[in-house]
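The structure appears right after this line, and notes come after that.
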Amino acid sequence: MKKKKVNLRDLKPQSEEEHSHDDGHNHDHGNSSSFRTYVPAIISFTMLIIGIGLDYFDVSFFKNWTRIVWYSIAYLPVGFPVVKEGWNSIKKGDVFTEFFLMSIATIGAFIIGEYPEGVAVMLFYAVGELFQNSAVNKAKGNIKALLDVRPKEANVYRDGDYVNVSPDNVNIGEKIQIRVGEKIPLDGKLLSSKASLNTSALTGESKPDTIVKDEKLYAGSINLESVIEVEVTNKFEDSSIARILELVQNATARKSKTELFIRQFARVYTPIVVFLAIGVTFLPYFFVDDYVFRDWLYRALIFLVISCPCALVISIPLGYFGGLGVASKNGILFKGASFLDAMTKINTLVMDKTGTVTKGVFKIKEIKTIGWVESDFMKYLMAMEEQSTHPIAKAIMVYKGTENSYEAKEVSEIAGKGLKGIVNGKTVLVGNKALMIANSIDVPTETESIVESIVLVAIDNQFAGYVVIADELKEDAKETITDLHKVGIKNIMMLSGDKDSITQQVAKELNIENAKGGLLPEDKLNEVESLKKNPENKVAFIGDGINDAPVLAVSNVGIAMGGLGSDVAIETADLIIQTDQPSKVVRAIKISRSTRKVVWQNIILAFGVKVIVLILGAGGLATMWEAVFADVGVALLAILNAVRLQKMKWS
């Protein structure tokens, strides 16, 4: 749909040396964690300080060619890689790179005799690149940590013994064993009695998850307590962790409009400044009486240093990259930076009910008996429901009040009404009001006001009571609606396929004013499209990603809940909440807004300082040192600002 499929077997984290900006510029200066990377800068810095000292004390031998050679040697460790990269870019047809600009500016400084400044500019540029590379690696940390959860091997049962193989080579239906502390390599069904799992890599939640026999577990989870056995249900490329890895890998390639604009702008802006620098060098000859070529060339070189778009080209994608990483750490997967941007503009939130704000699982809400002890009443009801696979029957069977020792006999199903049978020698009717009326059983009028699912029970032709079955609200559902209002999402709407009466009751409980029930998927689609007809409405839809797929696709931002189990959610939604917590939507809004704020701070900082120093440089009021600050200094400040995202907390 919206995403490109890749081979998950080829997925691996980018190495720390790889730092591509998709603009033809590579800012690689090696692995910043290695001391060896800093050696060229240390050599240049040492020689520069010694040279400045010799200049200051006017040492007699440090003149003419000795001085030129000394500063040239100081220049080479940091300057040669940049000049070489600039030359390679020119050969590829990409002339106006920062490497070309820094090369021309520093070589020009040597030509006019400003040797210390030429070395200093290139040295500070190289040091800035090292810090920048370190910042990028730091921003990659969260996503690299997620990519590193890819299991390396599976302990599979074959020919009477367990053998280690690649997860790619395990087939559906095979049995694997996972020891304590190991990652589960593939999605499967638990064969052991129970397991305690750390699912933080998948969900962002550190709380251990306990599951029991025959329940699903997912690749990437860590086994915490005892050795377990699992039956594989998905090939590795179809597993939950593989889909998540693919999402994260692809997300970094989807650029925001701001990011794309800045890249395009830099490609236009840089050559313009280069031609302006040429103009600054030669045009004054025609207008200034005391024209000195060296002075105006110096001003032009300052122009070139300032024009380097590094601060913009690096810090902006780094901001988005940091936002994507922080979101994934919190169990929120954006499919790209463009959706981080889109999330900041959302002012209307439409949500499904079942599985979004409710748990999607029926539970007993109320038991009302007439003339019966509750435990005895439930024995008769459970005996009748024991053989049924209906969700309501399953909810009744988890009743903990008593152990069922009764057995139902001669059970018959009455279409559209319920069940009839014999339990403990008594005739039992279990079903709806129509079943009671058909058997001349009087039903209390109080049942008519109950909107949830209700199971009526009659024993030996006497009404014995009823059980109310209802879907349960998620623990953070009410808090989510309150917090959405706090972050400025005033227009909240609930659309559900459930009965309208139930939908209205849940909406009232959550303080949602606008709700509609009894809707088909196409009805939900029509409602969202109607909202979007107003151009001021920026609509996000939250659903379970299966029957809500059409609405997820048409919304400005489609949000899928519980992305681990839903292929359709992965394919259709723009944003995946990896847990079933609706409150994560509020966190996603906060993260996206913080990211955009940081990005715009960097844009204003970079443009503001550059414009000021450009004007000062053209007027002869700025030296090469101010130019270094306008380029490298601003880039570093912008990078440090972007890295702040890694430290922020969102409640």
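When reading the values below, keep in mind they use all heavy atoms of this one structure, side chains included, and skip hydrogens, waters and symmetry mates. Note that the structure is predicted; figures quoted are calculated from it, not measured.
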Interatomic spacing from [atom1] in [X] to [atom2] in [Y] - rounded to 0.5 Å:
{"X": "Ser449", "Y": "Ile454", "atom1": "OG", "atom2": "CD1", "value": "8.5 Å"}
{"X": "Ile591", "Y": "Leu324", "atom1": "CD1", "atom2": "CG", "value": "10.0 Å"}
{"X": "Lys345", "Y": "Asn556", "atom1": "NZ", "atom2": "CG", "value": "9.5 Å"}
{"X": "Asp523", "Y": "Leu519", "atom1": "CG", "atom2": "CG", "value": "5.0 Å"}

Quick one: closest heavy-atom pair of [X] and [Y], and the distance?
{"X": "Ile332", "Y": "Lys584", "result": "CD1-O, 3.5 Å"}
{"X": "Ala638", "Y": "Leu605", "result": "N-CD2, 4.1 Å"}
{"X": "Met561", "Y": "Pro582", "result": "CE-N, 3.5 Å"}
{"X": "Thr480", "Y": "Val586", "result": "O-CG2, 3.9 Å"}
{"X": "Asp352", "Y": "Gly543", "result": "CB-CA, 4.0 Å"}
{"X": "Gly558", "Y": "Ser555", "result": "N-CB, 4.3 Å"}

Under 3.5 Å, is there a donor-acceptor pair between the side chain of [X] and the main chain of [Y]?
{"X": "Asn641", "Y": "Leu637", "result": "no"}
{"X": "Ser530", "Y": "Asn526", "result": "no"}
{"X": "Asn347", "Y": "Lys538", "result": "yes"}
{"X": "Lys216", "Y": "Gly188", "result": "no"}
{"X": "Asn432", "Y": "Ala434", "result": "yes"}
{"X": "Asn330", "Y": "Val326", "result": "yes"}

Check your understanding: How far apart are the C-alpha atoms of Val468 and Ile364, what are their side-chain angles, what is the distance that settles it, and do they pass the side chain to side chain contact (heavy atoms under 4.5 Å, CB included) test?
Key -> CA-CA 6 Å; Val468 178; Ile364 296 174; over 6 Å; no
Review point. Between the side chains of Gln504 and Asp500, does any donor sit under 3.5 Å from an acceptor?
Key: yes
Point to revise | Modelled atom types, side-chain donor and acceptor of Gln601 and Arg644, under 3.5 Å | key: yes
Practice item. Please say whether more than 12 non-hydrogen atoms of neighbouring residues, nucleotides or ligands are located less than 6.0 Å from NZ in Lys490. Key: yes
Exercise for review: Test side chain to side chain contact (heavy atoms under 4.5 Å, CB included) on Tyr320 and Leu340 and set out the steps.
Suggested key: CA-CA 8 Å; Tyr320 284 113; Leu340 267 170; 4.2 Å; yes
Review point. Are Thr447 and Lys433 close enough, and set up right, to give a side chain to side chain contact (heavy atoms under 4.5 Å, CB included), and what steps lead you there?
Key: CA-CA 9 Å; Thr447 60; Lys433 188 174 181 179; 5.5 Å; no
Point to revise | Contact list for residues 469-478, test side chain to side chain donor-acceptor pair (under 3.5 Å), sequence neighbours left out | key: Thr358-Asp471, Lys359-Glu475, Lys363-Glu472, Asp476-Ser583
Can you give me every donor-acceptor pair (side chain of residues 505-517, partner residue at least two apart or in another chain, under 3.5 Å) with its distance?
| from | atom 1 | to | atom 2 | distance (Å) |
| --- | --- | --- | --- | --- |
| Gln505 | NE2 | Glu452 | OE2 | 3.0 |
| Lys516 | NZ | Glu527 | OE1 | 3.2 |
| Lys516 | NZ | Glu527 | OE2 | 2.8 |

Practice item. Would you check, one step at a time, whether the test side chain to side chain contact (heavy atoms under 4.5 Å, CB included) holds for Leu349 with Phe541? Key: CA-CA 6 Å; Leu349 190 69; Phe541 180 84; over 6 Å; no
Review point. Are Asp498 and Lys353 close enough for a salt bridge, meaning some N to O gap below 4.0 Å?
Key: yes
